Amino acid sequence: MAAQLLDGKVMAAQLREEIAQRVAALKAEKGITPGLAVILVGDDPASQIYVKNKGIGCQQTGMHSETIRMPAETTQAALEDEIRRLNADPAIHGILVQLPLPAHLDEAAALAVIAPEKDVDGFHIQNAGCLLNGLPGVVACTPSGALEMIRRTGVDLNGKEAVVVGRSNIVGKPMALLLLQENCTVTVCHSRTRDLAAHTRQADILVAAVGRPRFITADMVKPGAIVIDVGINRVDGKVVGDVDFDAVREVAGWITPVPGGVGRMTITMLLANTLQAAERSAL
């Protein structure tokens with residue numbers, strides 16, 4: 001029997017409706033409209049699409065959004081000055097620097113300038129440290145969206161074996177920490193892991209975030225597992241994930257599609273983080 005589909009479009013739509021209701025309540029009760037500012041440096045086509053989708057998300061949920069477009073030759077100083085300006089703007093509750101930046105700019109240094117309470121991407125080292133220590137803070141959008149999808153299976157996560165394939169600071173590491181907080185037993189695999197399939201076949205929850213098309217095959221998946229595909233790869237003009245979807249769907253219990261899976265949840269969690277930042281500002 002084929003796996004149940006974890007439809008990111010449906011889940012994101014449900015969450016955005018909930019976010020819109022909370023935004024309306026915040027406006028009515030406190031007179032505060034959540035504001036998101038996105039800084040886009042250069043003219044990368046993929047980044048422009050992402051930024052457009054973030055603006056649409058804000059519009060759908062009743063939030064204020066600004067896109068600050070800066071030329072590709074922008075200096076580090078100019079970029080950091082713009083971030084500081086937004087830090088001081090009370091109408092802006094969330095700041096996002098669209099990555100990747102042009103090669104001459106220092107991404108880590110720029111992200112460090114963002115006020116931690118306005119870091120709605122969850123990349124600031126203070127927020128990463130809060131996650132590591134189990135303290136309140138902003139959580140990176142992709143792993144938090146993936147966890148929301150896992151929760152919506154209704155499976156009790158206590159004691160489950162979870163395997164995360166990938167160890168990036170943006171997805172793999174925070175994903176592992178979130179699963180630990182759910183009382184899973186977590187294994188993180190990567191490019192130096194020996195006999196990867198021996199690990200993945202033990203996973204009740206398998207998260208693939210490696211950036212290699214159709215890398216996870218059916219023989220690597222435990223029957224009935226929850227399979228979360230974070231990968232976005234282009235193959236012959238098509239977008240595919242890190243999981244061989246058609247084959248793995250016949251083995252897994254639940255699976256996310258690509259496109260239409262975790263990617264839809266990522267922007268939704270960005271909206272949720274912006275709303276939460278605005279709600280905190282009202283306290």
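Quick caveat: nothing in here was measured; it's all calculated off a predicted structure.
- Side chain of N273 to main chain of V139: a donor-acceptor pair is present (N/O by atom type, distance under 3.5 Å, no hydrogens or angles).
- Using a cutoff of 4.0 Å between basic side-chain nitrogens and carboxylate oxygens, K222 and D204 are scored as salt-bridged.
- In terms of modelled atom types and a separation under 3.5 Å, the side chain of K27 and the main chain of G62 share a donor-acceptor contact.
- Looking at every heavy atom in both residues, H190 comes nearest to T193 through N-OG1, 2.8 Å.
- When all heavy atoms of V248 and A218 are compared, the closest pair comes out as CG2-N, 3.7 Å.
- Between R22 and E279 there is a salt bridge, since at least one side-chain N of the basic residue sits less than 4.0 Å from a carboxylate O of the acidic one.
- With hydrogens and angles disregarded, no donor-acceptor distance shorter than 3.5 Å links the side chain of T153 to the backbone of M149.
- Proximity of a side-chain donor or acceptor of R201 to a complementary backbone N or O of D219 within less than 3.5 Å is detected.
- Cluster membership check: L131 shares its hydrophobic cluster with I170, using side-chain heavy-atom separations under 4.5 Å among Ile, Leu, Val, Met, Phe, Trp and Tyr.
- No chain of hydrophobic side-chain contacts below 4.5 Å, direct or via other Ile, Leu, Val, Met, Phe, Trp or Tyr residues, connects V240 to I255.
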Using atom types as modelled, flag every donor-acceptor pair under 3.5 Å from a side chain in residues 90-103 to any protein atom, sequence neighbours excluded.
residue: H93; atom: ND1; partner: G35; partner atom: N; Å: 3.0
residue: Q98; atom: OE1; partner: K54; partner atom: NZ; Å: 2.6

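- Side-chain contact between V165 and T200 is present, with heavy atoms from C-beta onward closer than 4.5 Å.
- Rounding to the nearest 0.5 Å gives a distance of 4.5 Å between CD1 of I150 and CE of M175.
- At most 12 non-hydrogen atoms from other residues, nucleotides or ligands lie less than 6.0 angstrom from CD of Q59.
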V41 and L105: side chain to side chain contact (heavy atoms under 4.5 Å, CB included), yes or no, with the steps?
CA-CA 10 Å; V41 184; L105 295 174; 3.9 Å; yes
Give the C-alpha distance, both sets of side-chain angles, the deciding distance and a yes or no for side-chain hydrogen bond (donor to acceptor under 3.5 Å, both in side chains) between Q4 and R249.
CA-CA 8 Å; Q4 296 182 55; R249 190 177 188 181; over 6 Å; no
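- In this structure, the separation between CG on N87 and CD on E82 is 10.5 Å, given to the nearest 0.5 Å.
- V239 belongs to a hydrophobic cluster whose other members, connected by ILVMFWY side-chain contacts under 4.5 Å either directly or through intermediates, are I232, V258.
- At most 12 heavy atoms of other shown residues, nucleotides or ligands fall within 6.0 angstrom of atom CG in D43.
- Distance OG1/T67 to CD1/I39: 10.5 Å, rounded to 0.5 Å.
- Taking a 6.0 Å sphere around CZ of R280, one finds it holds more than 12 heavy atoms contributed by other residues, nucleotides or ligands.
- Formation of a donor-acceptor pair under 3.5 Å by the D229 side chain with backbone atoms of V243 is found in this model.
- Side chains of M63 and V23 form a contact here, defined as non-hydrogen atoms less than 4.5 Å apart.
- N127 places no side-chain N or O within donor-acceptor distance of the main-chain N or O of G122, the cut-off being under 3.5 Å.
- Rounded to the nearest 0.5 Å, atoms CD1 (I125) and CG (D119) are 11.5 Å apart.
- Inter-residue side-chain proximity for M265 and E148 is flagged as met; some heavy-atom pair is nearer than 4.5 Å.
- Between V138 and P116 the shortest side-chain heavy-atom distance does not fall below 4.5 Å.
- Taking the charged nitrogens against the carboxylate oxygens, R84 and E80 do have a contact shorter than 4.0 Å, which makes a salt bridge.
- Under a 3.5 Å cut-off, the side chain of D242 and the backbone N or O of G211 do form a donor-acceptor pair.
- Residues V38 and I68 have side chains not in contact (no heavy-atom distance under 4.5 Å, counting atoms from C-beta outward).
- Using a 4.5 Å cut-off between side-chain heavy atoms of Ile, Leu, Val, Met, Phe, Trp and Tyr, with links allowed through other members, L132 and F123 fall into the same hydrophobic cluster.
- The salt bridge (charged side-chain N to carboxylate O under 4.0 Å, His left out) analysis of residues 135-145, with sequence neighbours excluded, yields no pairs.
- Atom CH2 of W254 is separated from atom CG of L6 by 8.5 Å, given to the nearest 0.5 angstrom.
- N233 places a side-chain N or O within 3.5 Å of a backbone atom of G241 that can act as its donor or acceptor partner.
- Taken together through direct or relayed side-chain contacts under 4.5 Å among Ile, Leu, Val, Met, Phe, Trp and Tyr, L111 and I83 form part of one hydrophobic cluster.
- Remark: E182 CD to D156 CG distance equals 10.0 Å, nearest 0.5 Å.
- In terms of heavy atoms, V164 sits closest to G172 at CG1-O, 3.8 Å.
- Scanning both residues, A2 and E250, for their nearest heavy atoms gives CB-OE2, 4.0 Å.
- Looking only at side-chain heavy atoms (C-beta outward), C184 and I205 come within less than 4.5 Å of each other.
- Contact check for V163 versus Q202: no side-chain heavy atoms found under the 4.5 Å cut-off.
- Linking ILVMFWY residues whenever their side-chain heavy atoms come closer than 4.5 Å, directly or via other members, leaves Y50 and L270 in distinct clusters.
- Side-chain contact of T61 with R16: a donor-acceptor pair under 3.5 Å is absent, judged by distance alone.
- Counting all heavy atoms, side chain and backbone alike, K30 lies closest to A282 at CG-CB, 4.1 Å.
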**Message:** Could you go through Q14 and R152, starting from their C-alpha distance and side-chain angles, then the distance that decides it, and tell me whether this counts as side chain to side chain contact (heavy atoms under 4.5 Å, CB included)?
**Reply:** CA-CA 12 Å; Q14 292 170 343; R152 290 188 177 222; 2.8 Å; yes
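- Under a 3.5 Å cut-off, the side chain of K118 and the backbone N or O of L86 do form a donor-acceptor pair.
- At a threshold of 4.5 Å between non-hydrogen side-chain atoms, the residues R69 and Q48 count as touching.
- Judged purely by atom type and a 3.5 angstrom limit, H104 has no side-chain atom pairing as donor or acceptor with the backbone of T75.
- Between A162 and L179, the shortest heavy-atom distance links the atoms CB-CD1, 3.9 Å.
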